[in-house]
Amino acid sequence: IAVFSASVGQALAMSFAFFSMTFCSVLLSALIPRRLPYSLRIVLYSVIGSLVYMPTAILTAWLFPDIGGGIHIPLLSTALYLTAAHDRIFPRKGLLKSMFRNMIPVICAVILSGIVREALGCATFAGRPLRFTPPLPMLQHPAGGLIFLILMLTVIQEFGRGEKQYADRC
């Protein structure tokens with residue numbers, strides 16, 4: 001979702017869609033017994049995702065009329081359940097805590113990405129013009145978003161690695 005959030009408004013819309021869809025879907029999927037075969041659980045998770053998708057898409061379009069969600073909201077719906085990590089990421093014990101612990105950093109990264117991409121790509125902030133020429137207009141395209149996301153993750157990884165190496169020396 002960070003790749004497609006090229007502005008603050010898009011980042012807020014996609015973050016809202018991601019949070020509401022993930023929150024409702026995971027809560028409902030927690031009702032499915034884990035003793036069912038994995039393939040059947042995946043089908044049921046997908047059904048829940050599709051049932052949550054429609055109200056989320058309508059609510060996102062209503063709250064963010066100029067932005068909407070386009071094709072990206074259905075991608076959120078399917079990506080959540082087509083992974084084997086679903087049961088490990090959101091364990092039933094401490095479900096709400098693990099949901100917030102895993103979703104809040106994603107939402108913060110998406111919003112930060114939207115702010116930086118809008119500022120550097122079109123020299124605006126939340127649609128208001130800034131007083132400089134945009135240095136990287138490519139950031140407004142999905143390919144630019146992917147490149148920006150890779151660079152952002154690399155910087156975060158390097159900061160984490162440097163902190164660990166410093167802690168090992170002490």
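- One distance of note links CG of Leu12 with CZ of Phe64; it measures 5.5 Å at 0.5 Å rounding.
- One distance of note links CD1 of Ile48 with CG of Leu44; it measures 6.5 Å at 0.5 Å rounding.
- Looking at heavy atoms from C-beta onward, Met152 lies in side-chain contact with Leu112 at the 4.5 angstrom threshold.
- Val47 and Leu40 are members of different hydrophobic clusters when ILVMFWY side chains are connected at heavy-atom separations under 4.5 Å.
- Follow the hydrophobic side-chain contacts under 4.5 Å out from Leu151 and you never reach Val116; the two are in separate clusters.
- With hydrogens and angles disregarded, no donor-acceptor distance shorter than 3.5 Å links the side chain of Gln140 to the backbone of Gly121.
- Using a 4.5 Å cut-off between side-chain heavy atoms of Ile, Leu, Val, Met, Phe, Trp and Tyr, with links allowed through other members, Ile107 and Leu63 fall into the same hydrophobic cluster.
- Here the CE-CZ distance, from Met138 to Arg117, works out to 9.5 Å after rounding to the nearest 0.5 Å.
- To the nearest 0.5 angstrom, Thr56 atom OG1 is 12.0 Å from Phe18 atom CZ.
- The cluster map of Ile, Leu, Val, Met, Phe, Trp and Tyr, joined by side-chain heavy atoms under 4.5 Å apart, puts Phe100 and Leu27 in the same cluster.
- Linking Ile, Leu, Val, Met, Phe, Trp and Tyr whenever their side-chain heavy atoms come within less than 4.5 Å puts Ile111 and Phe23 in one cluster.
- The CE atom of Met21 sits 10.5 Å away from atom CG of Leu59, with the distance rounded to the nearest 0.5 Å.
- Side-chain contact check for Val106 versus Met103: every heavy-atom pair is 4.5 Å or farther apart.
- Annotation for Leu130 and Ala119: closest pair CD1-CB, 4.0 Å, computed over non-hydrogen atoms.
- Annotation: side chain of Val52 is in contact with side chain of Leu28 (closest heavy-atom distance under 4.5 Å).
- Not one N or O on the side chain of Gln10 forms a donor-acceptor pair closer than 3.5 Å with the backbone of Gly114.
- Considering only heavy atoms from C-beta on, Cys108 comes within 4.5 Å of Ile104 through its side chain.
- A distance-only check finds no donor-acceptor pair linking the side chain of Arg41 to the backbone of Ile32 [under 3.5 Å].
- Under the 3.5 Å distance criterion, the side-chain polar atoms of Ser25 are left unmatched by any main-chain donor or acceptor of Thr22.
- With values rounded to the nearest 0.5 angstrom, Phe148 atom CZ is found 10.0 Å from Leu136 atom CG.
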